[in-house]
Amino acid sequence: VRIISYCKAFVKKGHFVKVFIIAPTDEAKQNKLKCGIVDGVHFQYVSRITWRGEKTNFIVKILYYLWGIFKLPFLLYKIKNDVIITYHSEIFFNIIVKLYCLVFDIPLVLDKTEYPKNFFNRNRLFKIYEKTKLIFFDKIITISKELEEFYSNIIPLKNVFLLPATVDIERYNIIKLNQNITNKYIGVMFGTHNRDNILDSIYAYKQFLDFKIEKPWDLYLIGDFETLVKKHPENLKIIDYIEKENLSK
């Protein structure tokens, strides 16, 4: 979502943008197109394959990943790009792509919206390794002041760019306000990745009601709940709780 939001913005400004997927992932196994254009943004699976639902063992995935990294510089050369922005920062990828960038004098930019994984719970050697991976990049784009400060301790502050959470507003053009809504309301949007803690929002709302406010606000949960439950059946307990607490709407 973050990638497409600013990729589309680049396209609107007249830039050519192409997204390369190094290797297919289980999360995107529903994808059938190996390349194409979405809202003006070009994309291509470097390995020229999508999983399409097949079960693939770990060794095969690693081989596709390595093949994708070796092939990537040749594809980059074909489009004569001016800058590379990546979410990926594993050391092998960094070395190969950084060599390409040095040869053709192209800046390599990392979009990093979190701390390095488990950074604060690991030993000193691990922290050194994680920091070493970041020195390959000319600039780091990050999402908050706290992360801006963290990464500026690894590379110069002038090379850390703060880009707050970006949203592709056009995704919501199909949503229309129900004209029958007259009461004040709280809207909670959720996805299908099971990271939005919907039940916590309902718990908080229930406590909100327990204050016995004269005219309580309504709570609207907005998202594809059917798909969420198919992927994560444990979320059926949300329905049970709503019924138990008589939160029918």
Side-chain angles (χ1 to χ4, degrees), residues 1-13 17 19 21 25-31 33 36-41 43 85 87 111-115 117 140-151 161-249:
V1 173
R2 181 170 168 84
I3 292 174
I4 196 67
S5 66
Y6 58 68
C7 283
K8 287 174 65 174
F10 287 145
V11 170
K12 288 180 180 178
K13 288 292 185 179
V17 180
V19 177
I21 301 95
T25 63
D26 289 332
E27 293 87 351
K29 63 186 178 183
Q30 70 271 22
N31 291 351
L33 293 177
I37 305 173
V38 177
D39 296 327
V41 179
F43 74 91
I85 302 177
Y87 265 72
D111 191 319
K112 194 73 172 174
T113 57
E114 299 174 342
Y115 288 114
K117 190 174 182 180
I140 293 178
I141 302 172
T142 195
I143 201 168
S144 68
K145 285 285 187 182
E146 184 174 343
L147 289 172
E148 180 186 37
E149 182 179 346
F150 174 82
Y151 288 112
F161 180 75
L162 178 60
L163 179 65
T166 53
V167 177
D168 178 12
I169 299 298
E170 294 178 2
R171 296 177 70 220
Y172 307 105
N173 286 348
I174 61 172
I175 299 175
K176 295 182 180 180
L177 182 66
N178 186 333
Q179 297 304 314
N180 295 325
I181 296 177
T182 57
N183 197 13
K184 292 182 178 180
Y185 68 92
I186 303 164
V188 176
M189 301 190 67
F190 62 90
T192 59
H193 44 57
N194 210 33
R195 295 198 303 265
D196 288 321
N197 301 315
I198 309 171
L199 197 53
D200 286 348
S201 296
I202 301 173
Y203 288 155
Y205 177 68
K206 183 63 171 59
Q207 290 187 323
F208 181 77
L209 295 181
D210 289 344
F211 280 111
K212 302 190 185 304
I213 298 171
E214 186 176 343
K215 290 185 178 180
W217 291 16
D218 294 325
L219 173 67
Y220 290 98
L221 302 171
I222 306 164
D224 187 353
F225 187 72
E226 183 178 345
T227 300
L228 174 65
V229 169
K230 286 180 180 178
K231 293 172 64 176
H232 306 283
E234 64 272 21
N235 284 287
L236 283 171
K237 64 185 178 184
I238 295 172
I239 298 297
D240 295 336
Y241 182 79
I242 288 174
E243 293 176 350
K244 177 184 174 183
E245 298 295 333
N246 196 29
L247 301 172
S248 59
K249 296 184 180 181

*asked:* Quick check: do Ile239 and Val229 have side-chain heavy atoms less than 4.5 Å from each other?
replied: no

*Atom pair OG1 (Thr166) and CD1 (Ile141), whose distance is rounded to the nearest 0.5 Å*: 9.5 Å

*Hey, what do you get for CZ (Phe150) to OG1 (Thr142), rounding to the nearest 0.5 Å?*
9.5 Å

*Please report the C-alpha distance between Glu245 and Leu209 in whole Å, then the side-chain angles of each, then the deciding distance to 0.1 Å, and finally whether the side-chain contact (heavy atoms from CB on, under 4.5 Å) criterion is met.*
CA-CA 11 Å; Glu245 298 295 333; Leu209 295 181; over 6 Å; no

*Among Tyr185, Tyr205, Phe190, which residue meets the ring pair (Phe, Tyr, Trp, His ring centres under 6.0 Å) test with Tyr220?*
Tyr185

*Taking all heavy atoms of Val11 and all of Gly40, pick out the closest pair and write down the distance.*
CG2-O, 3.6 Å

*asked:* For a 4.5 angstrom cut-off between non-hydrogen side-chain atoms, does Ile4 reach Val41?
replied: yes

*Main-chain N/O of Asn197 paired to Asp200 side chain as donor or acceptor, under 3.5 Å*: no

*Is the number of heavy atoms from other residues, nucleotides or ligands under 6.0 Å of Glu146 CD greater than 12?*
no

_Backbone N/O of Thr227 and side chain of Asp224: donor-acceptor pair under 3.5 Å_ = yes

*Distance-minimising heavy-atom pair for Lys112 and Leu147*: O-CD1, 4.5 Å

*Show the numbers, then the answer: is there a side-chain contact (heavy atoms from CB on, under 4.5 Å) between Ile202 and Ile242?*
CA-CA 8 Å; Ile202 301 173; Ile242 288 174; 4.1 Å; yes

*Contact check, side chains of Phe208 and Leu219, non-hydrogen atoms, under 4.5 Å*: no

*Distance (rounded to the nearest 0.5 Å) between Thr192 OG1 and Lys230 NZ*: 11.5 Å

*Nearest heavy atoms of Val188 and Ser201, plus distance in Å*: CG1-OG, 3.9 Å

*Only one of Tyr6, Phe10, Phe43 passes side chain to side chain contact (heavy atoms under 4.5 Å, CB included) with Val17; say which it is.*
Phe10

*Look up atom NE2 in His232 and atom CZ in Arg195, then write down how far apart they are to the nearest 0.5 Å.*
9.0 Å

_Rounded distance [0.5 Å steps], CD1 in Ile3 versus CD1 in Ile85_ = 9.5 Å

*Salt bridge or not for Glu149 and Lys145, using N-O below 4.0 Å?*
no

*Which value, rounded to the nearest 0.5 Å, describes the distance between Asp196 atom CG and Leu228 atom CG?*
8.5 Å

